[in-house]
Amino acid sequence: MSENKSNWPLWEVFVRSRQGLGHKHVGSLHASDAEMAIGNARDVYTRRQEGVSIWVVPAESITASSPSDSEALFDPANDKVYRHPTFFVLPDEVNHM
Amino acid sequence: MIETQQHLREEFDAYVAADKKIEPKDWMPDAYRKTLIRQISQHAHSEIVGMLPEGKWITRAPSLQRKAILLAKVQDEAGHGLYLYSAAETLGVDRADLVDDLLSGKAKYSSIFNYPSLTWADIGAIGWLVDGAAIMNQVPLCRCSYGPYARAMTRVCKEESFHQRQGYSIMMQLMKGTDAQKEMAQDALNRWWWPSLMMFGPSDSESMHSSQNMKWNIKRFSNDELRQRMVDMTVPQAECIGLKMPDPDLKWNEEKGGHDFGEIDWTEFYDVIAGNGICNKERLEDRNKAHDDGEWVRDAAVAYSEKRNANT
Amino acid sequence: MHALLRLGDDALVLAQRLGEWCGHAPALEEDIALTNIALDLIGQTQSYLTLAGSLDPDAPKTDDELAFLRSESEFKNLLLVEQSNGHFGDTIARQFLFDQYALLRAEHLAQQTFDLDAAAIAAKAVKEIRYHAAHSSKWIIRLGDGTSESHSRIQKSIDDLWAFTGEMFAADDVDIAGSIAGLLPDLSALKTQWDVEIDRVLVEATLIRPKDGAMKTGGRTGVHTEELGTMLAEMQILPRTHPGASW
């Protein structure tokens with residue numbers, strides 16, 4: 001890590017691209033405060049009409065799942081195929097359900 | 001422990017060989033991490049230094065429309081540098097440290113930006129040829145094995161195609177213009193053609209990093225393959241607007257289905273890399289000055305934010 | 001025509017100055033921010049100058065002809081916007097003093113019904129300038145209430161530029177006629193609103209508002225500071241060197 005005192009903290013940027021969609025992670029940037037982070041995100045990540053709403057989150061505030069836990073976290077869902085509607089076969093006469 | 005390392009390494013190799021993406025927190029060999037940091041940060045530095053030769057012409061752009069386009073283009077380069085620094089930071093380095101390496105001369109950036117931009121036509125040539133070569137190099141990187149780099153490159157490539165077109169459009173307009181304008185365009189092509197072919201790096205027989213990077217899916221095509229593509233793509237574009245390629249050995253080779261072209265001046269290539277280009281010193285001084293001049297501003301913003309946080 | 005030229009020239013000259021920053025801002029993010037502001041201003045320039053150039057049907061002029069082929073004395077911009085960039089604080093102070101004025105002026109212009117073309121341009125400009133004003137105000141506050149070094153630097157920037165603020169509100173014949181017609185705002189009323197905004201930001205920035213001393217004017221009638229001539233020489237070099245050429 002840099003000792004440089006003028007080092008602005010890192011922010012993760014999430015942009016809602018259109019009304020009705022969720023915010024999606026688009027990248028990161030540096031800013032000294034949240035207000036600047038919003039402004040910078042607007043200038044950096046929405047120059048081509050990419051967004052209608054922005055979230056910025058201090059990168060250090062994000063807790064992520066660990067890749068080494070991924071088997072324990074996600075594999076158990078693999079055999080629960082009955083959660084998906086396609087698991088159930090309908091008689092031909094029933095078109096929609 | 002050694003066995004675990006070897007096991008992880010084998011898993012990693014198999015994973016990459018299956019064309020899957022590596023993400024920031026995944027295990028990766030140290031050499032892979034180092035290679036990526038080096039390549040991504042060099043790439044970011046190139047975008048930032050690349051702003052300078054074109055930036056010189058913003059104040060002299062010959063119409064309001066051209067001024068706006070050039071500003072937007074150079075601004076995109078700042079954006080691309082930023083996306084790339086962000087991607088590098090996911091590998092556990094800090095942008096400030098990477099920038100320090102650039103400013104101290106320790107880190108490299110693309111040599112092409114050590115050539116001077118002398119006339120307005122250079123802005124055309126840079127967009128058309130330099131960005132053209134950059135796109136040729138970059139498109140395969142959108143499929144690079146490292147996720148954040150691949151995603152950054154996808155965004156960069158999407159934006160970059162406007163850059164090449166704006167350059168070609170400048171050249172096209174000049175070639176429709178007065179004799180002086182045509183001369184300006186031809187002169188710019190003469191000066192930028194060979195340096196832009198050098199952008200693909202040393203020939204395959206000389207390249208240091210190629211084979212391991214190919215195996216890691218960081219690199220997908222060899223330097224010479226990409227260079228050949230660049231020549232084949234650009235020659236008809238030049239002909240179409242009446243520009244003459246500055247290479248007497250250039251001719252179509254029916255058998256190979258591509259152009260034969262003359263030998264690159266490798267002495268010049270290594271000379272510019274070694275720091276002897278016309279603008280090496282100037283570019284670094286320019287960046288250093290901007291960085292030093294901005295320090296009090298960056299400090300002030302941090303101080304202000306700390307005061308605010310202390311008050312709440 | 002005169003009123004529109006003033007609007008266009010203010011935007012053009014300031015955009016040209018901001019363009020000089022490209023690649024040299026204190027941070028990469030700020031480089032992108034300043035360029036966005038410059039791009040907005042070029043867009044405003046194109047709109048205002050195109051409209052201004054169309055008003056004389058006997059001698060119509062394009063925006064580029066007005067931008068690149070007029071001499072220094074034909075430019076009607078404020079002296080404030082032609083002042084050189086100086087350091088980042090000087091640039092921000094210039095921007096801040098201008099943005100607050102430009103915002104109020106554009107808001108009026110967007111609402112008047114005397115010239116609907118100008119109103120349409122201004123309506124778009126209002127949104128842009130609102131962002132510019134927020135950006136420059138916030139920087140005034142950060143620098144004013146940042147370190148002791150930044151505080152004294154930005155105070156000096158404001159002090160140095162203050163003498164150019166009087167020109168914004170010094171109504172001449174063009175302003176008075178425009179104001180009576182409804183096109184232009186009443187500048188004394190505008191000044192009152194400007195004072196409120198400027199004071200609010202300066203207080204938050206812990207900065208002292210300079211006393212109104214002798215004000216420098218002349219830009220609106222084409223008598224400029226030395227800064228403009230060199231700027232135009234650079235800006236206009238290609239169209240001047242290659243008369244009649246297209247780019």
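Below, read A as the first sequence line, B as the second, and so on, with proteins coming before strands; counting in each chain starts at 1.
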Give a yes or no on this: more than 12 heavy atoms of other residues, nucleotides or ligands lie within 6.0 Å of atom NZ of C:Lys156.
no

Answer with side chain, backbone, both or neither: which region of B:Met171 has an atom nearer than 4.5 Å to a non-hydrogen atom of chain C?
neither

Rounded to the nearest 0.5 Å, what's the gap from OG1 on B:Thr59 to CG on C:Leu232? Could you check?
12.0 Å

For chain C, the option from B:Met172, B:Lys56, B:Arg95, B:Glu54 that forms the most heavy-atom pairs under 4.5 Å
B:Arg95

Below 4.5 Å from any heavy atom of chain B, which atoms of C:Ile141 appear? Answer side chain, backbone, both or neither.
both

Answer yes or no: are there more than 12 heavy-atom neighbours, outside B:Asp179 itself, under 6.0 Å from its atom CG?
no

Looking only at heavy atoms and a cut-off of under 4.5 Å, which of B:Lys176, B:Gln173, B:Met51, B:Arg287 has the most pairs with chain C?
B:Gln173

Report which part of C:Arg17 has an atom under 4.5 Å of a heavy atom belonging to chain B: side chain, backbone, both, or neither.
neither

Straight-line distance of B:Ile58 CD1 to C:Ile42 CD1, nearest 0.5 Å
8.5 Å

If every non-hydrogen atom of B:Thr178 is compared with every non-hydrogen atom of C:Ala245, which pair is closest and at what distance?
CG2-CB, 4.4 Å

Would the number of heavy atoms belonging to other residues, nucleotides or ligands and lying under 6.0 Å from CZ of B:Arg165 be above 12?
no

Below 4.5 Å from any heavy atom of chain C, which atoms of B:Leu64 appear? Answer side chain, backbone, both or neither.
both

Examine distances only and state if a side-chain atom of B:Gln181 and a backbone atom of C:Ser246 form a donor-acceptor pair shorter than 3.5 Å.
yes

Nearest 0.5 Å please: distance from the CH2 atom of B:Trp57 over to the CG atom of C:Leu238.
5.5 Å

Quick one: CD on C:Glu29 to CG on B:Leu82, what's the gap to the nearest 0.5 Å?
4.5 Å

How far apart are the closest heavy atoms of B:Leu71 and C:Gly19, and which atoms are they?
CD2-CA, 4.3 Å

Quick check on the interface: out of C:Gln236, C:Arg153, C:His87, C:His24, who has the most heavy-atom pairs with chain B under 4.5 Å?
C:Arg153

Value rounded to 0.5 Å, distance of NZ in B:Lys67 from OG1 in C:Thr45
9.5 Å

If you take all heavy atoms of B:Arg66 and C:Trp247, which pair is closest and at what distance?
NE-O, 2.7 Å

Check this for me: B:Lys307, atom NZ, are more than 12 non-hydrogen atoms of other residues, nucleotides or ligands nearer than 6.0 Å?
yes

At a heavy-atom distance under 4.5 Å, which candidate from B:Gly55, B:Ala61, B:Pro62, B:Ala290 has the highest pair count against chain C?
B:Pro62

Looking only at heavy atoms, the pair that brings C:Gly23 and B:Leu52 closest together is O-CD2, 4.2 Å

Can you tell me if C:Leu69 has over 12 outside heavy atoms packed within less than 6.0 Å of its CG?
yes

Apply the side chain to side chain contact (heavy atoms under 4.5 Å, CB included) test between B:Val297 and each candidate in C:Ile154, C:Thr147, C:Leu143; give the one that qualifies.
C:Leu143

So, the part of C:His242 with a heavy atom under 4.5 Å from chain B: the answer is side chain

Heavy-atom pair of closest approach, residues C:Glu234 and B:Arg60:
O-CG, 3.3 Å

Test B:Arg298 against C:Phe88 for side chain to side chain contact (heavy atoms under 4.5 Å, CB included), laying out the working first.
CA-CA 11 Å; B:Arg298 297 190 298 275; C:Phe88 183 74; over 6 Å; no

C:Ile237 versus chain B, the contacting section by heavy-atom distance below 4.5 Å
side chain

Side chain from CB out, backbone as N, CA, C, O: work out which of these in C:Asp145 comes under 4.5 Å of a heavy atom of chain B, or both, or neither.
both

For the interface with chain C, which of B:Asp286, B:Ile48, B:Leu174 has the highest count of heavy-atom pairs at distances below 4.5 Å?
B:Asp286

Please report the closest heavy-atom contact between B:Ala301 and C:Arg142, naming both atoms and the distance.
CB-CD, 4.1 Å

Chain C neighbours within residues 72-80 of chain B, where any heavy atom lies under 4.5 Å away
B:Ala72, B:Val74, B:Gln75, B:Ala78, B:Gly79

Check this for me: does any side-chain nitrogen of one of C:Glu204 and B:Arg308 sit under 4.0 Å from a carboxylate oxygen of the other?
yes

